[in-house]
Amino acid sequence: MPELPEVETIRYYLDHVLPGQKVHKVLHIDPRMVKTGSLSAEEIARRLPGHVVKSIKRRGKFLFLEWETQDHLLIHLGMSGRLIWIQNHEPWALHTHLVLDFEENQLRLIDPRRFGRIGWIDRGVELVPHLGTEPLSADLTSQFLVKRLQGRQAPIKSLLLDQSIIAGLGNIYVDESLFRAKIRPDRPGGSLEPREIKRLVRSIRRVLQEAIEHRGTSFSDYVDALGHPGQNQDYLMVYGRNQAECRVCGQPIVTKVIQGRTSHFCLHCQK
DNA sequence: TTAACTACCTGTTCGC
DNA sequence: TGCGAACAGGTAGTTA
């Protein structure tokens, strides 16, 4: 499930190989994946050939291929999406929904569950205006989060998953951040004290930075742009460790469903 | 405005 | 062994 560190890992690699490359053909684009933007799948396929990649951007969990025309192709990987840069003679995987042919290599989107999305964003249009602050930018401060959590009754877990507050966190990194900050995921957001929020901000940054250094977390679907799994799953403290011993106190990690999301935490370490 | 719920989707796991 | 049900979860839309 690609969250910010996984998407950033893909972006980082693609930004080394894609700029300057010209789209030769759009070999395949699944209309069911085009769920946003100003053009249909057919129109994107007609428009793209000849376009040259200028840069690869990321905002939250969204990736953008910026063209020299300053239009953008939005790609979201959803739950199970993979975006790979691969030689064009390699056979297509099952569930391949987008194939951009750059003559020698192809950029392919593979997404078994089809929760991902593709869209065309015209030049000058704001990319994803509804997204909240970038957690690794200077905009995420404890003062910002204090303000956003004030008076909120929803569990802190749900509020951290809300992309309009902080963009890029998903189930894994919210659980990990809350563990590091020693905060239970079912606490109402508005009940957090300023010192806890300060700790939470520090934890979010550290968890995300470490996950990027480990090239993301691979449980089932995620691989980077070269098809390699990440390593961060070896460093997780709570996520996916139901009933395992807490690495800090030795008590069993427990799970609880909060707003439809399985949350992992330690009853002893998190208050 | 906020909180909770639902649809989308398919591979995997579990129980019978 | 095979089948069906339940589960996993990010986003956007709906409802109260």
Side-chain angles (χ1 to χ4, degrees), chain A residues 1-8 10-11 30-38 41 58-64 74-83 92-98 109-119 121 126-132 134-135 145 147-178 185-192 208 211 216-223 229-230 232-233 236 238-243 253-265:
Chain A
M1 51 208 83
E3 302 179 27
L4 187 152
E6 290 76 33
V7 177
E8 177 60 24
I10 293 169
R11 186 210 67 78
D30 185 340
R32 289 171 296 183
M33 297 293 286
V34 181
K35 303 170 186 173
T36 187
S38 61
R58 179 192 59 75
R59 179 83 172 86
K61 303 173 196 171
F62 290 82
L63 270 176
F64 299 92
L74 172 155
I75 297 176
H76 193 288
L77 300 176
M79 279 283 300
S80 55
R82 304 172 176 195
L83 193 61
W92 292 12
L94 195 63
H95 307 301
T96 298
H97 302 306
L98 175 71
L109 173 66
I110 302 149
D111 185 6
R113 296 184 204 178
R114 285 213 296 263
F115 271 30
R117 57 190 58 221
I118 302 167
I121 311 291
E126 197 178 346
L127 294 178
V128 267
H130 61 285
L131 282 191
E134 277 291 321
L145 205 52
K147 203 177 265 183
R148 295 304 303 265
L149 298 182
Q150 214 164 32
R152 299 295 296 264
Q153 292 304 306
I156 182 65
K157 165 86 183 225
S158 308
L159 297 171
L160 292 178
L161 286 172
D162 184 343
Q163 302 297 299
S164 70
I165 299 175
I166 299 176
L169 294 178
N171 211 27
I172 296 175
Y173 298 111
V174 167
D175 281 2
E176 292 296 310
S177 299
L178 286 169
D186 51 0
R187 290 257 309 273
S191 76
L192 269 60
L208 293 177
T217 302
S218 294
F219 265 110
S220 52
D221 298 301
Y222 167 71
V223 292
N232 198 58
Q233 62 279 8
L236 297 177
V238 286
Y239 186 87
R241 301 191 64 244
N242 188 25
Q243 295 304 316
I253 301 298
V254 298
T255 62
K256 179 178 179 180
V257 177
I258 299 171
Q259 211 179 313
R261 298 287 177 262
T262 304
S263 304
H264 308 71
F265 60 104

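Letters go in sequence order (proteins before strands), and every chain restarts at 1. Just so it is clear, the model here is predicted, and its values are computed rather than measured.
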Give, for atom [atom1] of [X] and atom [atom2] of [Y], the distance between the pair rounded to the nearest 0.5 Å.
X       : Y       : atom1 : atom2 : result
I156(A) : S177(A) : CD1   : OG    : 10.5 Å
R152(A) : Q150(A) : CZ    : CD    : 11.5 Å
I166(A) : L145(A) : CD1   : CG    : 5.0 Å

Counting only side-chain heavy atoms from C-beta out, which of [options] sits nearest to [X]?
X       : options                   : result
T262(A) : dA8(C), dA3(B), dA12(C)   : dA8(C)
H76(A)  : dA12(C), dG11(B), dG10(C) : dG10(C)
M79(A)  : dA3(B), dT10(B), dG10(C)  : dG10(C)
H95(A)  : dT10(B), dA12(C), dG10(C) : dT10(B)
L159(A) : dA8(C), dA3(B), dA12(C)   : dA3(B)
E3(A)   : dA4(B), dT11(C), dG10(C)  : dG10(C)
F115(A) : dG9(C), dT11(C), dA3(B)   : dG9(C)

Please report the distance, rounded to the nearest Å, between [atom1] in [X] and [atom2] in [N].
X       : N       : atom1 : atom2 : result
N242(A) : dC7(C)  : CG    : C1'   : 14 Å
F62(A)  : dT11(C) : CZ    : C1'   : 7 Å
L4(A)   : dT11(C) : CG    : P     : 11 Å
R113(A) : dT13(B) : CZ    : P     : 11 Å
I166(A) : dG10(C) : CD1   : P     : 15 Å
H130(A) : dT11(C) : NE2   : C1'   : 8 Å
D175(A) : dA8(C)  : CG    : P     : 12 Å
I172(A) : dG10(C) : CD1   : C1'   : 12 Å

Exercise. State whether the distance check finds a donor on one side and an acceptor on the other, under 3.5 Å, for side chain R261(A) versus base dG10(C).
Key: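 Looking at the base of dG10(C), it does pair with a donor or acceptor on the side chain of R261(A) (distance under 3.5 Å).
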Quiz item: Which sits closer to the 5' end of DNA chain B, Q153(A) or R114(A), going by the nucleotide each is nearest to?
Solution: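 Nearest-nucleotide comparison on DNA chain B picks Q153(A).
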Quiz item: Is K61(A) touching bases, backbone alone, or none of the nucleic acid, heavy atoms closer than 4.0 Å?
Solution: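 Answer is sugar-phosphate: K61(A) comes under 4.0 Å of backbone atoms only.
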Quiz item: Between Q163(A) and L161(A), is there a donor-acceptor pair closer than 3.5 Å when you use the side chain of the first and the backbone of the second?
Solution: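 Confirmed, Q163(A) side chain pairs with L161(A) backbone.
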Quiz item: Taking only side-chain nitrogens and oxygens of Q259(A), does any of them come within less than 4.0 Å of OP1 or OP2 of dA3(B)?
Solution: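 It does not, given that no N or O in the side chain of Q259(A) lies less than 4.0 Å from OP1 or OP2 of dA3(B).
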Practice problem: Give a yes/no answer on whether the side chain of Y173(A) brings an N or O atom under 4.0 Å of OP1 or OP2 in dG9(C). | Solution: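 So the side-chain polar atoms of Y173(A) never come under 4.0 Å of the phosphate oxygens OP1 or OP2 of dG9(C).
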Quiz item: Does H97(A) reach the side chain of R114(A), with side-chain heavy atoms less than 4.5 Å apart?
Solution: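 Heavy-atom side-chain distance check passes, below 4.5 Å.
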